[in-house]
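Down below is the structure, laid out as structure tokens.
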There are 2 protein chains.
Amino acid sequence: MKHFSEITPAAEKVLDAAEGLVQRFGYNGFSYDDIARQVGIKKPSIHHHFATKAQLVATMAQRFAQRFFDALDGIEQTHTGGPARLQAYAALFEQTYAQDRRLCVCGILGTEAEDLPPPVGDEVQAFFNRNLAWLAHVISTGHTGKKPLARDEAQRRAMLFLCALEGAMMVGRGLRSDSGPQTVTQGLMGYLLA
Amino acid sequence: MKHFSEITPAAEKVLDAAEGLVQRFGYNGFSYDDIARQVGIKKPSIHHHFATKAQLVATMAQRFAQRFFDALDGIEQTHTGGPARLQAYAALFEQTYAQDRRLCVCGILGTEAEDLPPPVGDEVQAFFNRNLAWLAHVISTGHTGKKPLARDEAQRRAMLFLCALEGAMMVGRGLRSDSGPQTVTQGLMGYLLA
DNA sequence: GTCTATATAAAGATAGAC
DNA sequence: GTCTATCTTTATATAGAC
């Protein structure tokens, strides 16, 4: 698979379009022609950049994950303490949903997991694992209790937070509501770090 | 739209197949031919029972929701107290995911909301609204605090619980894990009713 | 890097016989 | 209620010219 770092400007536009389409309609919900129309080129030109849809989406998911992880690094550098970091983490989901109720790329692909080409499924799985590790670390070092948090307790709370945020996007859409992740963070933050 | 209550045994088998296929692959992830193969008939026979895919899935979602609400009534009759009722509620999600990691019908349809025929979207929206109302009621009457729960606080907690459960199915799939909703209920229950 | 033209398969759906 | 045959559209993908 082509790595997203060695990609031309034209191919980048294709990835941008694919990302938005996946976030709105899922893997099975868009076509090469949809991308072509958005980018302003023809269908076969897409194949010039990405031979198959599986490769295209795998590359896009990889780029999405990389950017997300970069954002996590940024949060650790610019925010101090558990609450601020979890709040900044939640804001990433919030900002995504605020754009026409877009879902997390790996969230919507996760629901389609059984149907996904293996390379795409691998990206999704890695994305969640790394998010959980990051959250468990932040929760573990940021909590305010007297005893240090047990490793598996930190992991449980990380799982809860991630699921609540992903689920809030899913449910928010089903409710046809503009309020997504934000509806779920209030109160939860205190619980996670208590 | 045909109501599911006036449906023949043959049509019922079609709905059963459609339900499983939606839970595994989503609205855009299966075809009339997939149903036909499962039921053991041919494609046009499906159209005899349900003229369009939109009608078929709308009827299926309606049946799913009705059964789910019946289960909620059952929980209120057979379980007493907030903790037992929330536990029984979570078990409904658990049982679904335990079947080949199937998702909640309205959960997976919710992620596809932007792409859904309006009648199907209506069913999904109604499903979530009614679930939130039921949960808010159980949480409100079941909590152990000294002061009665404020209405909007009960609704916030209901939203958190629903999103956590739906999200756990989504994330569990992305992780290729057999552990779904169960990973998220522990600890949360105490928080909801505190 | 983009195009026209085309191959091939699958989708939702209809007509009409049994 | 189910079938064969068929229509129409759309999908992913390829060949080869510019």
Side-chain angles (χ1 to χ4, degrees), chain A residues 1-22 24-61 109 112 114-121, chain B residues 1-22 24-61 109 112 114-121:
Chain A
M1 182 197 2
K2 206 179 293 187
H3 191 271
F4 72 89
S5 62
E6 29 167 322
I7 255 171
T8 63
E12 196 111 39
K13 284 183 198 167
V14 171
L15 288 180
D16 291 340
E19 184 170 310
L21 287 164
V22 165
R24 290 196 295 155
F25 305 111
Y27 187 86
N28 288 316
F30 76 100
S31 72
Y32 266 42
D33 220 29
D34 294 325
I35 299 177
R37 272 191 298 270
Q38 277 199 20
V39 176
I41 56 180
K42 298 294 177 181
K43 225 180 356 173
S45 306
I46 314 290
H47 284 284
H48 172 75
H49 300 292
F50 302 96
T52 67
K53 192 181 181 182
Q55 280 172 42
L56 163 55
V57 176
T59 304
M60 182 276 285
L109 289 177
E112 296 179 286
E114 196 173 346
D115 217 15
L116 246 37
V120 179
Chain B
M1 185 199 357
K2 208 180 291 186
H3 191 270
F4 72 89
S5 63
E6 28 166 323
I7 255 171
T8 62
E12 195 112 39
K13 284 183 198 165
V14 171
L15 289 180
D16 291 341
E19 183 170 311
L21 286 163
V22 165
R24 290 196 293 155
F25 305 111
Y27 186 88
N28 288 316
F30 78 100
S31 71
Y32 265 42
D33 220 30
D34 295 325
I35 299 177
R37 272 192 296 270
Q38 277 197 21
V39 176
I41 56 181
K42 298 294 177 182
K43 215 173 16 164
S45 306
I46 314 290
H47 283 285
H48 172 76
H49 299 294
F50 302 96
T52 68
K53 191 180 181 182
Q55 280 173 41
L56 163 55
V57 175
T59 304
M60 183 275 285
L109 289 178
E112 296 178 287
E114 196 173 348
D115 216 15
L116 246 36
V120 179

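A distance of 8.5 Å separates CZ in B/Phe50 from CD1 in B/Ile35, rounded to the nearest 0.5 Å. Here the CZ atom belonging to B/Arg37 is positioned 9.5 Å from the NZ atom belonging to B/Lys43, to the nearest 0.5 angstrom.
Minimum atom distance to the side chain of B/Lys53 is reached by C/dG12, of the listed C/dG12, C/dA11, C/dG1. Distances from the side chain of B/Ile41 to the nucleotides C/dA13, D/dA11, D/dC3 place D/dC3 closest. The side chain of B/Lys43 approaches C/dG12 more closely than any other nucleotide in the set C/dT2, C/dG12, D/dT2. Proximity note for A/Tyr32 (side chain, C-beta onward) versus D/dC3, D/dA13, C/dG12: the nearest is D/dA13.
Both tests pass for B/Lys53 against the ring of B/Tyr27: distance under 6.0 Å to the centre and angle within 45° of the axis.
Spacing between atom NE2 of B/His49 and atom C1' of D/dC3 amounts to 12 Å, rounded to whole angstrom units. In this entry the distance linking CD1 of A/Ile46 with P of D/dA11 reads 13 Å, nearest Å. The nearest whole Å value for the distance from the CZ atom in B/Arg37 to the C1' atom in C/dA10 is 10 Å. Atom CG in B/Leu56 sits roughly 13 Å away from atom C1' in C/dA13 (whole-Å rounding). A/Phe50 has its CZ atom 10 Å from the P atom of C/dG1, to the nearest Å. Rounded to whole Å, atom P of D/dA5 lies 15 Å from atom CG of B/Asp33. Between the CD1 atom of B/Ile35 and the C1' atom of D/dT2 there is a distance of 16 Å, given to the nearest Å.
Residue B/Thr52 has no polar side-chain atom (N or O) positioned under 4.0 Å from OP1 or OP2 of C/dG12. Close to D/dA15, at under 4.0 Å from its OP1 or OP2, lies no side-chain N or O of A/His47. An OP1 or OP2 oxygen of D/dT2 is reached within less than 4.0 angstrom by no side-chain nitrogen or oxygen of B/Lys42. Considering only side-chain N and O atoms, B/Ser31 lies nowhere under 4.0 angstrom from the phosphate OP1 or OP2 of C/dA10. Taking only side-chain nitrogens and oxygens, A/His48 never comes nearer than 4.0 Å to OP1 or OP2 of C/dT2.
Comparing A/Asp34 and B/Pro9 by the nucleotide of DNA chain D that holds the closest heavy atom to each, the one mapping nearer the 5' end is B/Pro9.
In this structure, A/Ser45 reaches the bases: a heavy-atom distance under 4.0 Å links it to at least one base atom across the strands shown.
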>> Walk me through whether B/Lys42 and B/Asp33 qualify under side-chain contact (heavy atoms from CB on, under 4.5 Å).
In response: CA-CA 7 Å; B/Lys42 298 294 177 182; B/Asp33 220 30; over 6 Å; no

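Among B/Asp115, B/Thr59, B/Val57, the single residue meeting the side chain to side chain contact (heavy atoms under 4.5 Å, CB included) criterion with B/Val120 is B/Val57.
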